[in-house]
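Hydrogens, waters and symmetry mates play no part in the numbers below; they use all other heavy atoms, side chains included. Atoms within a ligand are numbered from 1 in the order they appear, just like the ligands themselves.
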Amino acid sequence: MTNRRYIIGGNWKMFKTPAEAASAAKALKVKLINVENVDVVVCPPAVDIVPVVEMLKESTVRVSGQNMHWEDDGAFTGEISAGMLKDAGCDYVVLGHSERRHVFGETNTEVNKKVLKALARGLKPIFCVGEKLEEREAGKTESVVGAQVREGLAGVSVESADDLVIAYEPVWAIGTGVTATPEHAEDVHRYIRELLADVFSPGLASRLRIQYGGSVKPSNAESLLSRENIDGALVGGASLDPDSFTEIVKAAENLST
Ligand code: PEP
C-alpha cells in the first residue's frame, strides 16, 4: 500500500491506423471510467492523435506524442513540433525512447534540446533512459544512465522540472519478453532518484515519478509497481490490447488504495 500516484503509459509505437486507434481509445474510455488515483497516458502514432484525443474527451486518459523536433517550425520534412502536439491535444511527449536513440541515432544532446522545448511549450516530457545489454554486462549501467540523465536534463530549471516523468527502460528488456527483475529495476530507479536529487533537489527528486518499461504485462505489473522507487510503467506490446493495458492500470490502482 502506498499513497503515491502511479503513472501508466501505453506506447503504441508504429501500430494502429487512425480507425484502429480510435476504437482502442473508445474501449479504454469505457474500461477505465471508474479508475482513480492513477494517471493514464496513451501514446499513439502522430496521425492517430487527433481521433484519439477526440474519442477521449470527457475521459481522464491523457494523450502523448511519441517524439518531436526541438525547433518550433521550419524545413524539417517528416518532423512534428511541440506546438503541433499541444494544439492537437497532447499533454505529454515521449522523448529519448530507446528506439529513437538506437534505431534513429538520437544523441543525449538532441534529446536535451527536445526536453527543453517540450517544457517551454507546456508539454510534459516522458524522458526515457536505459542501458543496452552489452553495457549492462560490462557493468556500465550507472555510467550510461547517469550520462543520459545529466546530459538529457541539462539546463532544466527546478521550477519546470516538476512536469518531468522519467522512464527507465533497459534496452535489453524492450519488446524482448525479458523483464528486468524487480530488484534490478528498483536498484536503477533508486540510483536515478539519487541523481535527480543531485541535479535538482532532494525534495523534487522524491516527487518526480520514475516509470519502469520493458516487457511489462499484467502478470508482472504488481511485482514491479510494488517496489519503493517504481512509480509507474511505460508499456509497449501489452498496451496494444485494451484488456491487458487495463489490467496493468488496475494493478497500479490496487496498490495505490
Ligand atoms: C516501450 O515501448 O517503451 C516498451 C517498454 O515496450 P515493451 O513493453 O513491448 O517492452
Side-chain angles (χ1 to χ4, degrees), residues 6-16 20-21 24 28 38-46 48-49 52 61-68 90 92-106 111 114-115 118 124-133 135-136 141 144-145 148-149 152 164-182 184-186 188-189 192 209-225 227 229-252:
Y6 288 98
I7 177 162
I8 308 295
N11 176 13
W12 294 352
K13 310 194 187 203
M14 197 175 75
F15 293 100
K16 299 188 188 295
E20 289 164 348
L28 286 176
V38 182
D39 290 324
V40 183
V41 184
V42 291
C43 319
D48 299 348
I49 288 171
V52 167
V61 179
R62 314 287 4 141
V63 180
S64 171
Q66 294 183 5
N67 182 32
M68 52 164 253
C90 289
Y92 293 84
V93 60
V94 175
L95 295 176
H97 188 277
S98 75
E99 287 147 21
R100 299 298 323 166
R101 291 177 187 270
H102 303 306
V103 182
F104 298 101
E106 271 184 28
V111 177
K114 295 180 180 197
V115 168
K124 298 177 173 121
I126 299 176
F127 168 65
C128 304
V129 296
E131 81 285 7
K132 293 193 275 192
L133 183 60
E135 293 165 338
R136 180 190 183 217
T141 298
V144 169
V145 170
Q148 289 171 333
V149 169
L164 283 172
V165 177
I166 319 292
Y168 168 58
E169 301 204 303
V171 181
W172 44 273
I174 298 181
T176 57
V178 180
T179 317
T181 61
H184 171 85
E186 169 64 15
V188 183
H189 279 231
I192 293 172
R209 292 177 294 181
I210 309 174
Q211 298 176 306
Y212 168 77
S215 300
V216 175
K217 38 193 180 256
S219 58
N220 60 24
E222 188 192 337
S223 63
L224 288 159
L225 292 170
R227 293 298 165 136
N229 285 289
I230 302 184
D231 310 313
L234 186 55
V235 186
S239 73
L240 295 173
D241 171 18
D243 285 332
S244 61
F245 188 61
T246 299
E247 277 188 62
I248 295 167
V249 173
K250 296 244 161 130

Aromatic plane relationship, Tyr168 with His189 - under 30° parallel, 30 to 60° tilted, over 60° perpendicular: perpendicular
For the side chain of [X] and the backbone of [Y], is there at least one donor-acceptor N/O pair under 3.5 Å apart?
| X | Y | value |
| --- | --- | --- |
| Asp231 | Ile210 | yes |
| Thr179 | Ser215 | yes |
| Tyr212 | Gly214 | yes |

Partner of Asp39 under side chain to side chain donor-acceptor pair (under 3.5 Å), picked from Arg62, Arg209, Lys124, is Arg209
So is there a nitrogen or oxygen of [X] less than 3.5 Å from a nitrogen or oxygen in ligand 1?
| X | value |
| --- | --- |
| His97 | yes |
| Gly175 | yes |
| Gly237 | yes |
| Gly236 | yes |

Considering the options Val216, Leu240, Val249, which one meets the side-chain contact (heavy atoms from CB on, under 4.5 Å) requirement together with Val235? Val216
Qualifying residue for side-chain contact (heavy atoms from CB on, under 4.5 Å) with Glu169, from Glu99, His97, Glu131: His97
Subset of ligand 1 atoms that lie under 4.0 Å from at least one heavy atom of [X]:
| X | value |
| --- | --- |
| Gly214 | 5 (C), 10 (O) |
| Ala173 | 10 (O) |
| Ile174 | 4 (C), 6 (O), 10 (O) |
| Ser215 | 7 (P), 8 (O), 10 (O) |

Which residue and heavy atom of the protein sit nearest atom 5 (C) of ligand 1, plus the separation: Glu169 OE2, 3.1 Å
Among all protein heavy atoms, pick the one closest to atom 2 (O) of ligand 1 and tell me residue, atom and distance. Lys13 CE, 2.7 Å
